[in-house]
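Values below: all heavy atoms of this structure, side chains included; hydrogens, waters and symmetry mates excluded. Letters go in sequence order (proteins before strands), and every chain restarts at 1. Predicted model only: the values in this text are computed from it and were never measured.
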Number of protein chains: 2
Amino acid sequence: MSVQRIAKLAGVSVATVSRVLNDLPSVKAQNKEKVLAAIAALNYQPNLLARQLRTARTGMLLVMVSNIANPFCAAVVKGVEKEAEKNGYRILLCNTESDFARSRSCLQLLSGKMVDGVITMDAVSELPELQKIIGAFPWVQCAEYDPESSVFSVSIDDTAAAEFVIDKLVESGKKRIALINHDLAYQYSQHREQGYLNRLAHHGLSYRTIVYADTLSYLSGKKAALSLLKNAERPDAIFAISDVLAAGAVNAVTESGFSIPQDIALIGFDGVDISQITVPPLTTIQQPNEDIGRKAVSLLLSQIESDNALDVVHYLLPWQFIQRQSS
Amino acid sequence: MSVQRIAKLAGVSVATVSRVLNDLPSVKAQNKEKVLAAIAALNYQPNLLARQLRTARTGMLLVMVSNIANPFCAAVVKGVEKEAEKNGYRILLCNTESDFARSRSCLQLLSGKMVDGVITMDAVSELPELQKIIGAFPWVQCAEYDPESSVFSVSIDDTAAAEFVIDKLVESGKKRIALINHDLAYQYSQHREQGYLNRLAHHGLSYRTIVYADTLSYLSGKKAALSLLKNAERPDAIFAISDVLAAGAVNAVTESGFSIPQDIALIGFDGVDISQITVPPLTTIQQPNEDIGRKAVSLLLSQIESDNALDVVHYLLPWQFIQRQSS
DNA sequence: CTGAAAGCGCTTACAG
DNA sequence: CTGAAAGCGCTTACAG
């Protein structure tokens, strides 16, 4: 099935068929009808490989996600999709599971010209490796930001948000504040930890206990919290750098017989749905999830549609503290 | 950048370059080296569009997910990815949000020859429409099954699982069992509701209250449960057809001052992580999430790699009842 | 073991 | 308004 067959059936040239396919105005109504009839009769579908090879334009954006099961990632992707759709682009999602071999394989879609650009959410520490593969292709990094990096990025000021959380906890009288963090390969993990440390120092608090969750999952959050509860000196507050970890921690704290927030206050990060239905609901930092995705797409499209290289920009979007009953 | 340039630089023909690229054995070692050197020197990356156009084979599978934020879907996708990777296929994820226009757009990748086959998780009621677009392309439907359908499928026996849940609830002395269901456009919703109704009738229970959640989200689950609690005759047990809905219900029941399971027992479905960290943890039906995904891929590959049309098969995988403290 | 040539299915100047 | 022809970047018989 090809334009050839349509052309033959409609009694016109392939050029005319192509014009109809692309809705160019210069086709006589009569011919257009004949072509349309032939297309319908044969249920013809254009071969995208051929079209995109010819036009060197795909209208597709690659989004590499380290874990689609992470609700924060899912929320960002939602924003990405909306903005892409608005601009006539399609989104291809690749789940990398933070696996470099997989990322490399995904990125062949970029170097192989099957997509016009890529949005990543990887750890900053991976960026140099990715850079080698991505080269000069249009690229925006989401929710992870390094001021020194030459990669466009959209994120929030994680340090400031974490500092705000600690201040709130201290304000409410808490003195032994523990941190459940994740992988320090991520810049955001470093920044949130930095915010935590900054304000402990500022308030002259000596208690300073950090535990690192293996993965960004409920169960890892639970496990991390349990290990915290076993400490000789128990915390009276826990700041978890993601709502998912915090939700796991709620389980650990409650099932261990402590009450939230009286015995142990709990604050999460991200502002995803789960934070609203833990018992009690979680105080958290609301990230502008969808806006991060939207902004990433618009940055990416500006790169794609510009002929010359643009100056790197790093967007920091506003965040919001949401007070609920867990603190 | 193309094989032409590599050929010129290496001093061989494009045919030889292509042979090196595809690792064919018939290339003299010396020439191979020259080509490899040229590839490295120019950082050449083959154009996948051209290659796939020529070979009519992409090594890519499309997976259409109605909602990537749904942990059950994410778990199935994980299985899909593993099996695909094992067989040298790449996965492209499309998030349809159950939107038909989006699905149609995604499926252009199939008809446009950019992927070799598709795995869907859509409502059975959508299948006839999808069928029109997908036609005879390799296709497997996941976690949603209609014995009459001519589409290959992998799922579980939802009716039997739901019946088992109701029996367990009755066994524990519950008499007013409510159901939180989702969209009846899904076959699994119908089957689970059928199982619920079957066993109420069997046990001669007249209480029969069903509420439909707007979406498969925590908040919808909470909302649905709250409406149940407002009923003149309150339920003493709630069966939610997904753990996500059940987790939302846990919040509603607890915050309304009832204890679980004494006042109201709660059972979910799916067996995703969240079921382990609600307070109390959820009794649920464990689906063979990853296996569903794996099996779907192997069915799909058998279609792709077979020359003639295969007879339709509908796989039903085993499920498991997991007793926890919510019932 | 290698190269010249054809062709995958499109789009796009170009000439009319 | 239309068609013949070139070409996007590959791979693959075919002949040597």
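- The nucleotide whose nearest atom lies closest to any side-chain atom of V3(A) is, among dC10(C), dC10(D), dC1(C), dC10(C).
- Across all strands, S18(B) comes closer than 4.0 Å to base atoms (heavy-atom distances).
- Summarising the geometry, the separation between CD on Q4(B) and P on dT11(D) is reported as 12 Å, rounded to the nearest angstrom.
- Panel note: side chain N87(A), backbone E83(A); a donor-acceptor pair is recorded below 3.5 Å.
- Of the two residues near DNA chain C, A15(B) and T55(B), the one whose nearest nucleotide lies more 5' is A15(B).
- For the OP1/OP2 pair of dG3(C) and a distance below 4.0 Å, the side-chain nitrogens and oxygens of S13(B) include at least one atom meeting the criterion.
- Under 4.0 angstrom from either OP1 or OP2 of dG3(C) there lies at least one side-chain N or O belonging to T16(B).
- Checked by atom type and distance alone, the side chain of T96(B) pairs as donor or acceptor with a backbone atom of V65(B) at under 3.5 Å.
- Residue L53(A) is the one, among L53(A) and L24(A), whose nearest nucleotide of DNA chain C lies closer to the 5' end (criterion: closest heavy atom).
- Atom CD of Q108(A) is separated from atom P of dG9(D) by 18 Å (rounded to the nearest Å).
- Side-chain N/O atoms of R19(B) and base N/O atoms of dG3(C) include a donor-acceptor pair closer than 3.5 Å.
- Comparing dG9(C), dT11(C), dC10(D) by their closest approach to the side chain of A50(A) singles out dG9(C).
- Whole-Å rounding puts the K113(A) NZ to dG9(D) C1' distance at 9 Å.
- In this entry the distance linking CZ of R51(A) with P of dC10(D) reads 21 Å, nearest Å.
- Between V14(A) and P25(A), the residue whose closest nucleotide on DNA chain D is further toward the 5' end is P25(A).
- Taking atom CG of L49(A) as the reference point, atom C1' of dT11(D) lies 14 Å away to the nearest angstrom.
- Atoms CD (Q45(B)) and C1' (dG9(D)) sit 14 Å apart, rounded to a whole Å.
- Of the side-chain N and O atoms in N47(B), none sit less than 4.0 angstrom from OP1 or OP2 of dC8(D).
- A salt bridge does not link D116(A) to R90(A): none of the charged side-chain nitrogens sits closer than 4.0 Å to a carboxylate oxygen.
- In this model, the phosphate group of dC1(D) is not approached by any side-chain N or O of S26(A) to a distance below 4.0 Å at OP1 or OP2.
- A salt bridge between E81(A) and K78(A) is absent, with no side-chain N of the basic residue lying under 4.0 Å from a carboxylate O of the acidic one.
- Side-chain contact between Q141(A) and L127(A): present, with at least one pair of heavy atoms (C-beta onward) separated by less than 4.5 Å.
- Atom CE of M114(B) is separated from atom C1' of dG9(C) by 13 Å (rounded to the nearest Å).
- Atom CD in Q52(B) sits about 14 Å away from atom C1' in dG9(C), given to the nearest Å.
- Which of dC1(D), dC10(D), dG3(D) sits closest to the side chain of K28(A) comes down to dC1(D).
- Pair assignment for dC14(C) gives dG3(D), based on Watson-Crick or G-U wobble hydrogen-bonding distances that are each under 3.5 Å.
- For R54(B) and dG9(C), a side-chain-to-base donor-acceptor distance below 3.5 Å is absent, hydrogens and geometry of angles not being considered.
- Residue Q30(A) places its CD atom among 12 or fewer non-hydrogen atoms of other residues, nucleotides or ligands, all under 6.0 Å distant.
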